[in-house]
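Quick notes on the structure that follows.
None of the values given here were measured: they were computed from a predicted structure.
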There are 2 protein chains.
Amino acid sequence: MPDDPDAAGPAVSAHGRHIPPASLARLTVYLRVLGTMLTEGVERVSSEELAEAAGVNSPKLRKDLSYLGSYGTRGVGYDVPYLSGQISAALGLTLDWRVAIVGAGHLGRALAGYPGFGSRGFEVVALFDADPLTVGQEVGWLRISDVQSLEAVLEKTRANMAVLAVPADAAQEMCTRLVDAGITSILSFAPVVLQAPPEVQIRKVDMATELQILAYHAQRAQVSALATDAQARLMR
Amino acid sequence: MPDDPDAAGPAVSAHGRHIPPASLARLTVYLRVLGTMLTEGVERVSSEELAEAAGVNSPKLRKDLSYLGSYGTRGVGYDVPYLSGQISAALGLTLDWRVAIVGAGHLGRALAGYPGFGSRGFEVVALFDADPLTVGQEVGWLRISDVQSLEAVLEKTRANMAVLAVPADAAQEMCTRLVDAGITSILSFAPVVLQAPPEVQIRKVDMATELQILAYHAQRAQVSALATDAQARLMR
DNA sequence: TACTGTGAACGGGTTCACAGCA
DNA sequence: TGCTGTGAACCCGTTCACAGTA
């Protein structure tokens, strides 16, 4: 995601400049890699090593980091804990983010139990479902709430982000209710275009889209393989 | 995402020109919207209407479509079934895509049951898990296979795409086995950087990344709200 | 007349080479 | 000496205005 690098809006870092969306997406990857290094006790990395581990080239990595400030030491490299902290701070991960998940099907439950959230500054504080048989069940530490009480529970839990994991036909209604309840950051897994005021940040993940993009590239590979094959036959 | 418009590789459409990654991602959205219109019996759309429904502006939509060819009628608009078919063909969705899902946790099951796949040309032909208690269970039409027999099942089912829905620490190993088994298109939900030969197309979806990007924008909004607030106080 | 298709201008991201500093 | 930080050039995608056509 490419991706994304799609959502927009201006953006200012601690350094005062804005971070390009494409860089922002990569910064989250650097942060994850640094986290792994932290647990392994690595203390210093060069831009070359970090770039390698993150799957990018080193000038790009250095450029990305330069949007935040100068947190390395010339001739030496970067201090892992320090750089990790600086990126976290720049991304706003030092604030507390309280996530409500709407939809307790397999996807919602997968998200609720995702270990990557807690460890990276996000706490799942509520999980909703519309099915009366599902409401009340426990998932990890959470008890599934009834969507009917969405607004009340959002307020009580002071959620400030939401994830939409509901069927396509329910997504717009839930989105509207979330927005009306004051949520301004939404991650949606529903394969529909959501309407919301511009001040609301919406990011979309659509698995069918991802597979279609893969299919496109795979088809291209097949076609060009056939072409070179045919050409090889002609050459004989 | 986002991209995303991130994955690369050259690309040639039926028209002969390559489709920019960003356009490619949007084309899948147009296709979805056209699909909805099809079921509603809509026969014609203007670029304006389609753009509106897809959440983009009309010049961008027309530019995106122009990468495929000239499938509209000036002064009239686009024929919905025809355009839909042309986009499908350009994306390679007329071929049959057989998807293997590795990992039958909540995420894997959510994907296996995702209605958006079948309806858009993807068939889930296998679902794997490593847990002996899970292997053998039925999920919809599928019986969960043992990852130990990954290679054999991939061959028997003629899978040509794979989705990785396994924990981070198992992802690289599974990726390697998929690649060795001849899979060249992989969609990964594991929050790790995967190593694979360049001819293998890998797309990544990381939910923590998405939330972090939302957090960044939300933090910015908070900070600028505080700033204008402080300024307002000073002005008094 | 109305709407599509596209060249050209614009802006932003990536790349690179090298300046700057421990 | 070695590695970071960055300005400048390059390249690609987006935007826009208008030319083209049923």
How long is the line joining [atom1] of [X] and [atom2] of [N], in whole Å?
{"X": "A:Asp64", "N": "C:dG12", "atom1": "CG", "atom2": "P", "answer": "17 Å"}
{"X": "B:Leu61", "N": "D:dG13", "atom1": "CG", "atom2": "P", "answer": "17 Å"}
{"X": "A:Leu24", "N": "C:dT14", "atom1": "CG", "atom2": "P", "answer": "12 Å"}
{"X": "B:Glu52", "N": "C:dC3", "atom1": "CD", "atom2": "C1'", "answer": "17 Å"}
{"X": "B:Leu68", "N": "C:dT4", "atom1": "CG", "atom2": "P", "answer": "15 Å"}
{"X": "A:Asn57", "N": "C:dC16", "atom1": "CG", "atom2": "C1'", "answer": "10 Å"}
{"X": "A:Arg62", "N": "C:dG13", "atom1": "CZ", "atom2": "P", "answer": "19 Å"}
{"X": "B:Glu49", "N": "C:dA2", "atom1": "CD", "atom2": "P", "answer": "15 Å"}

* Within less than 4.0 Å of OP1 or OP2 of C:dA22, is there a side-chain N or O belonging to A:Tyr78? -> no

* Asked: Within the pair B:Ser47 and C:dC3, is there a side-chain N or O less than 4.0 Å away from OP1 or OP2?
  -> no

Just compare [options] and give me whichever is closest to any side-chain atom of [X].
{"X": "A:Pro21", "options": "C:dG13, D:dT4, D:dG13", "answer": "C:dG13"}
{"X": "A:Arg74", "options": "D:dT14, D:dC3, D:dC16", "answer": "D:dC3"}
{"X": "A:Lys60", "options": "C:dT14, D:dA22, D:dT14", "answer": "C:dT14"}
{"X": "B:Lys63", "options": "C:dC21, C:dG7, D:dA8", "answer": "C:dG7"}

Can you give me every donor-acceptor pair (side chain of residues 165-177 of chain A, partner residue at least two apart or in another chain, under 3.5 Å) with its distance?
from: A:Gln172; atom 1: OE1; to: A:Gln195; atom 2: N; distance (Å): 2.8
from: A:Gln172; atom 1: NE2; to: A:Thr176; atom 2: OG1; distance (Å): 3.1
from: A:Gln172; atom 1: NE2; to: A:Gln195; atom 2: O; distance (Å): 3.1
from: A:Thr176; atom 1: OG1; to: A:Gln172; atom 2: O; distance (Å): 2.9
from: A:Arg177; atom 1: NE; to: A:Glu151; atom 2: OE2; distance (Å): 3.0
from: A:Arg177; atom 1: NH2; to: A:Val147; atom 2: O; distance (Å): 2.8
from: A:Arg177; atom 1: NH2; to: A:Glu151; atom 2: OE1; distance (Å): 3.0

* Asked: Do A:Val200 and A:Ile202 have side chains that get closer than 4.5 Å, going by heavy atoms?
  -> yes

* **Side-chain touch B:Ser23/B:Lys63, heavy atoms, less than 4.5 angstrom** => no

* On DNA chain C, check which nucleotide each of A:Pro59 and B:Pro59 is closest to and give me the residue with the more 5' one. => B:Pro59

* To do: Would you mind classifying the nucleic acid contact of B:Arg44 as base, sugar-phosphate or nothing, using non-hydrogen atoms under 4.0 angstrom?
  => nothing

* Sugar-phosphate, base or nothing in reach of A:Pro20, heavy atoms under 4.0 Å -> sugar-phosphate

* **Atom CD of B:Glu43 with >12 non-hydrogen neighbours under 6.0 angstrom** => no

* To do: State yes or no: are the ring centers of A:Tyr71 and A:Tyr82 separated by less than 6.0 Å?
  => yes

